Amino acid sequence: MTEKRQEGADSADSVGSGFDLVRPTEEYSGLSRYAPQHQANEPMVLDHPTPDVSFHQGGWKGIDDPEAAPQPREGHQRSRSFPDASKGMDMTPMVDVTFLLLIFFMVTASFTLQKVLEQPHAKTDSIGKEDPLPPASDFVQVAIDPTNTYYVTTQDHQEIECPSESEMRARVKAGFASGHVDRLLVVAHVESLHSKVISAWDAGAINGASTIEIQTTDHSP
Amino acid sequence: MASDDNNSIQLPKRKRNPDDGELDITPMIDVTFLLLAFFVVVSKMDPQANVPLPLYNSGKSISEKTSVTLIVVLDKDNSERAMIYKGTMSDENLVPEGEEEEMEDNIAEFVENELFAYPTKDSIIIKAAGNCKTRTVELVKRGVGKSELARAEGRKLYIGIEEEQ
């Protein structure tokens, strides 16, 4: 380091005036390379007269500010995104796998709560024995045949075939809209599907039926 | 900066620029691992979850731990044959096929034993697949109805459903 400085000083002397560099002395050999040669506000002490050239007095650029970053070494470009070896390995794949696992367990989690629909206990006698129906003005009847077709009977005693579930729901809604009906009776054939019975039950619950009864029969409507 | 009395090299501190776009994601990873641990603990690989329950718009939720569960599904190889399981879906819990009366008695005995062994259970859930026949579901309901403990005060019968999205 000292040799380089001496070299530089020699070459500066050989070139001539204008560099205005201080010849290195022994007193600087123990200091850091970043140490300022002198205080910033103090003028430099020169051996020879200098031309009236304004230049930055003091240490190298940036070093006067104690908070400034160190200058990069000779030959290195200073860039904002040079890789930092101290950060270690890239965490991105680990985060990706963690999120995948999280999503997997969120989707597959089956909690111990079960959605249910309360129903009365079934009568222990055999199928086919039907209870006497309540007065016709009190209920809307939904019959389900073995082919899973709905038949809705409203207050006017007119049995209407409903090939689709949406039509059945619309008819039930219309039946309850009269305001005098609050009961739903579902008469399901034993060969009908369980899901159809639940859909009919659901139609009654949506329309505010206070009582919903299920009867099974082996007679087609 | 190095002092004249100190021979060790001290690098100047790097000032953190608040306008720098880097974001510390450590808290986010912590929360993610917490959520992951939670779902790993609470989830259970439950084959009963594969039962295609009928859809319903709204229903109440009850805990399966306080219920006696009966499962009705169709045989994969024979869609005409319904299989009734007492509790969990395993071969040893399968109700043997036979006369309806025998099957009802078998179900009644199971429900009676369960409610006797676990008095805190206050409900019976029938988880029947939507494609099961009404006949089968009614058979199971009659079997449950034959149990005196099931008909006791405070005990209710439920049909398992799936909430419509």
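Only heavy atoms go into these numbers, but all of them, side chains included; no hydrogens, no water, no symmetry mates. Source: prediction; values computed, not measured. Chain naming here is simple, since letters A, B, ... match the order of the sequence lines and numbering starts at 1 in each.
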task = Please check if the side chain of B/R151 supplies one atom and the backbone of B/G145 the other of a donor-acceptor pair under 3.5 Å.
result = yes
task = Could you check which of A/M94, A/E118, A/K196 has the highest count of heavy-atom pairs closer than 4.5 Å to chain B?
result = A/E118
request  = Pick one of side chain, backbone, both or neither for B/I29, based on which atoms fall under 4.5 Å of a heavy atom in chain A.
outcome  = side chain
query = Can you say whether B/L35 sits under 4.5 Å from chain A via the side chain, the backbone, both, or neither, judging by heavy atoms?
reply = both
task = Please answer whether the main-chain N or O of B/E97 pairs with a side-chain N or O of B/E102 as donor and acceptor at a distance below 3.5 Å.
result = no
request  = Report the option among B/L36, B/I124, B/V144 that has the most heavy-atom pairs separated by less than 4.5 Å from atoms of chain A.
outcome  = B/L36
key: Toward chain A, the part of B/L53 with a non-hydrogen atom under 4.5 Å   = side chain
key: Spacing of A/S192 atom OG and A/D145 atom CG [to the nearest 0.5 Å]   = 8.0 Å
query = Checking B/A129 against chain A: side chain, backbone, both or neither under 4.5 Å from a heavy atom?
reply = backbone
ask   = Can a salt bridge be assigned to the pair B/E109 and B/K146 using a cut-off of 4.0 Å between side-chain N and carboxylate O?
value = no
request  = Working to the nearest 0.5 Å, report the span between CG of B/L94 and CD1 of B/I71.
outcome  = 11.0 Å
Interchain contact, A/L101 with chain B, by part (heavy-atom threshold 4.5 Å) = both
key: Salt-bridge contact B/E138-B/K141 (side-chain N to carboxylate O under 4.0 Å)   = yes
